[in-house]
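Everything quoted here is computed from the prediction, not taken from an experiment. Chain naming here is simple, since letters A, B, ... match the order of the sequence lines and numbering starts at 1 in each.
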Protein chains: 2
Amino acid sequence: MATPHRIAIARRRTPATRSRRELRVEQILQAARDLFGAQGYDATTTAQIAAQIGVVEGLIYKYFPTKRALLLQVLGYWYDDMFGDYTRELAYFPTARKRLHYLIWRHLCTVRDYPRLCGLMFREVLSADNDYRGSPLHAMNKRYTQLLVDTVETGMRGGEFRTDLPPRLVRSLVYGGIEHEASRYLARYIAPHQQAAADAPALDVGLLADQITNLLCDGLGPRPAAELTETRA
Amino acid sequence: MATPHRIAIARRRTPATRSRRELRVEQILQAARDLFGAQGYDATTTAQIAAQIGVVEGLIYKYFPTKRALLLQVLGYWYDDMFGDYTRELAYFPTARKRLHYLIWRHLCTVRDYPRLCGLMFREVLSADNDYRGSPLHAMNKRYTQLLVDTVETGMRGGEFRTDLPPRLVRSLVYGGIEHEASRYLARYIAPHQQAAADAPALDVGLLADQITNLLCDGLGPRPAAELTETRA
DNA sequence: CCTTGTGTTGAGTTGTGCTCACCAATCCGC
DNA sequence: GCGGATTGGTGAGCACAACTCAACACAAGG
């Protein structure tokens with residue numbers, strides 16, 4: 001929060017001491033990520049996190065000010081890993097529609113591959129009653145979703161998309177819609193021993209990405225199937 | 001939870017006793033609704049709720065098993081008030097598109113009028129790690145959103161909408177998208193003394209409903225403005 | 001008046017986030 | 001190497017909130 005979350009690489013005066021501290025931070029982040037992902041935030045106690053790496057509870061607070069700061073750091077750490085190279089890969093796609101489809105598909109892949117962490121993240125993004133807004137994690141999320149807004153705006157300027165709708169609206173529908181779609185899928189992982197897990201559907205990433213892109217670009221109104229198949233490839 | 005949440009009007013055998021209990025339940029629900037709405041769930045203590053109505057903390061637990069059950073009851077109570085007459089009003093609209101627009105508009109109105117309670121509700125719907133799924137509140141929410149699914153299906157059967165997309169997807173995009181749009185608006189109410197409240201936008205319900213309906217029905221692809229204005233009125 | 005019911009109390013208990021004074025070990029100039 | 005200083009680590013304990021329980025108040029009915 002007040003301190004930058006990027007503490008991994010810094011000038012190292014005493015290498016041994018510095019790396020020891022780094023190691024502990026890494027250990028705590030890893031244990032917290034595992035436990036938060038497995039049981040959720042509230043159900044995980046700091047004592048559990050400490051026990052996981054064989055230290056006493058109080059030590060956690062030598063490295064992180066609060067349990068919540070630890071959660072935000074865990075999410076930020078993971079976020080950084082996931083969404084680093086989007087900008088570069090986006091340049092490979094010739095049309096705005098294909099870039100949009102790619103962003104949707106990648107987001108769905110992340111939900112499929114990291115369902116529990118995504119669940120934590122969704123909860124954070126939605127809840128405005130805490131210290132999420134204005135945090136580095138919030139900035140990361142804004143920067144990430146801005147890629148989709150930029151893509152839509154580019155499509156508008158290039159004449160590929162209509163210009164009488166705010167691009168922000170597309171972002172809200174895409175990410176909000178995916179969250180809702182995912183919540184059914186997430187039940188499979190959150191409650192793995194109930195019958196809810198059994199009838200919870202798998203996440204067909206390719207199909208969903210096609211459908212969402214299709215709906216957003218072409219709309220619900222009926223039109224000839226020819227337009228739906230070529231989609232300015 | 002196990003008992004129906006509709007306890008306000010019932011056959012009264014011993015009027016004094018029965019109404020005293022009802023009165024207390026009503027008092028507790030009202031106080032909890034006010035405090036949850038004003039401060040959020042976590043920031044509200046059961047002692048505060050009890051103090052609000054001038055009783056001691058332990059009495060709350062004679063009427064509600066847990067604080068969380070109280071929250072679910074508060075939300076269910078409010079949900080019932082809000083979404084009772086949708087089905088009747090929907091029949092007034094001749095086209096599926098107009099019904100869709102109405103559902104979106106009404107949902108946005110609810111967010112505008114009950115921002116804090118909606119924030120609590122959004123958080124519940126999203127989080128799958130608790131006892132929400134399978135609860136009466138979950139059933140209410142499913143019944144409510146099913147209206148939109150039914151509307152889309154009707155539009156498909158009538159030839160107004162294309163049939164190669166799952167109606168459930170429209171529901172996810174609409175309600176998920178509105179949640180995301182609303183989160184910016186909710187910041188104004190959750191943190192009323194910060195500068196975030198000042199630059200947070202007001203919720204232009206009419207404009208947003210038009211835009212969302214427009215985007216979903218007509219899509220992002222450019223088309224003549226004539227089609228956008230008449231929209232089969 | 002006593003009994004019975006239920007509404008109400010206030011003093012617990014438990015569990016969890018978090019703190020702090022103190023111990024241990026490692027590092028550094030000498 | 002060695003004493004002081006700095007950092008890593010401990011465990012006891014605090015604060016606070018959800019939740020419990022034995023006892024009390026008190027109206028209604030015999």
Side-chain angles (χ1 to χ4, degrees), chain A residues 1-3 7 10-32 35-36 38-74 120 124 129-131, chain B residues 1-3 7 10 12-32 35-36 38-74 120 129-131:
Chain A
M1 194 61 47
T3 72
I7 51 181
R11 72 220 143 78
R12 46 187 61 197
R13 259 174 308 202
T14 59
T17 305
R18 187 93 195 148
S19 80
R20 264 170 66 97
R21 183 173 183 89
E22 282 175 27
L23 206 68
R24 268 282 182 257
V25 169
E26 206 84 23
Q27 272 184 313
I28 296 172
L29 283 172
Q30 185 65 44
L35 289 170
F36 286 158
Q39 318 171 348
Y41 175 73
D42 290 328
T44 301
T45 69
T46 52
Q48 276 181 314
I49 297 171
Q52 176 111 335
I53 57 179
V55 296
V56 86
E57 188 179 6
L59 189 62
I60 303 286
Y61 293 91
K62 284 287 206 292
Y63 297 92
F64 297 93
T66 66
K67 181 190 176 190
R68 179 164 179 78
L70 176 56
L71 170 68
L72 292 181
Q73 201 116 326
V74 163
L120 292 177
E124 285 313 303
D129 58 62
N130 47 36
D131 50 359
Chain B
M1 191 64 46
T3 72
I7 50 186
R12 45 188 62 195
R13 258 174 308 205
T14 57
T17 306
R18 185 102 191 139
S19 80
R20 263 169 68 95
R21 183 174 183 89
E22 283 176 26
L23 205 69
R24 267 282 180 258
V25 169
E26 205 84 21
Q27 273 183 313
I28 295 172
L29 284 172
Q30 185 66 43
L35 289 170
F36 287 159
Q39 317 171 348
Y41 174 74
D42 291 328
T44 301
T45 69
T46 53
Q48 276 181 314
I49 297 171
Q52 176 111 335
I53 57 177
V55 296
V56 86
E57 187 179 6
L59 189 61
I60 303 287
Y61 292 91
K62 283 287 202 279
Y63 296 93
F64 297 92
T66 66
K67 180 189 176 190
R68 178 165 181 80
L70 176 55
L71 170 68
L72 292 181
Q73 201 116 331
V74 163
L120 292 177
D129 57 62
N130 47 36
D131 50 359

Since syn is defined as within 90° of 0, does dG5(C) count as syn or as anti? syn
Rounded distance (Å) that lies between atom [atom2] of [N] and atom [atom1] of [X]:
| X | N | atom1 | atom2 | result |
| --- | --- | --- | --- | --- |
| Leu23(A) | dT7(D) | CG | P | 18 Å |
| Lys67(A) | dC18(C) | NZ | P | 8 Å |
| Phe64(B) | dA17(D) | CZ | P | 21 Å |
| Gln48(B) | dC16(D) | CD | P | 13 Å |
| Ile49(A) | dT16(C) | CD1 | C1' | 12 Å |
| Glu57(B) | dG7(C) | CD | P | 19 Å |
| Leu59(B) | dT6(C) | CG | C1' | 11 Å |
| Arg20(A) | dT6(D) | CZ | C1' | 12 Å |

For the residue pair Leu70(B) and Ile49(B), establish whether any side-chain heavy-atom pair is separated by less than 4.5 Å. yes
Under a 4.5 Å cut-off applied to non-hydrogen side-chain atoms, are Leu72(A) and Asp131(A) in contact? yes
To the nearest 0.5 angstrom, please state how far the [atom1] atom of [X] sits from the [atom2] atom of [Y].
| X | Y | atom1 | atom2 | value |
| --- | --- | --- | --- | --- |
| Glu26(A) | Arg21(A) | CD | CZ | 13.0 Å |
| Phe36(A) | Gln48(A) | CZ | CD | 10.0 Å |
| Leu29(A) | Ile53(A) | CG | CD1 | 9.5 Å |

Look at all strands and tell whether Tyr63(A) reaches a base, only sugar-phosphate, or nothing, counting heavy atoms closer than 4.0 Å. sugar-phosphate
Measuring to OP1 and OP2 of [N], would you say a side-chain N or O of [X] lies under 4.0 angstrom away?
| X | N | result |
| --- | --- | --- |
| Tyr61(A) | dG9(D) | no |
| Arg24(B) | dT8(C) | yes |
| Thr46(B) | dA17(D) | no |
| Arg21(B) | dG7(C) | yes |

Per nearest nucleotide of DNA chain C, the residue lying toward the 5' end, Thr45(A) or Lys62(A), is Thr45(A)
Nucleotide paired to dA24(C) in any strand shown, Watson-Crick or G-U, under 3.5 Å: dT7(D)
Let's test this: given Watson-Crick or G-U wobble pairing with both distances under 3.5 Å, identify the partner of dG5(C). none
Side-chain contact check for Thr66(B): nearest option of dA18(D), dT10(D), dC19(D) is dC19(D)
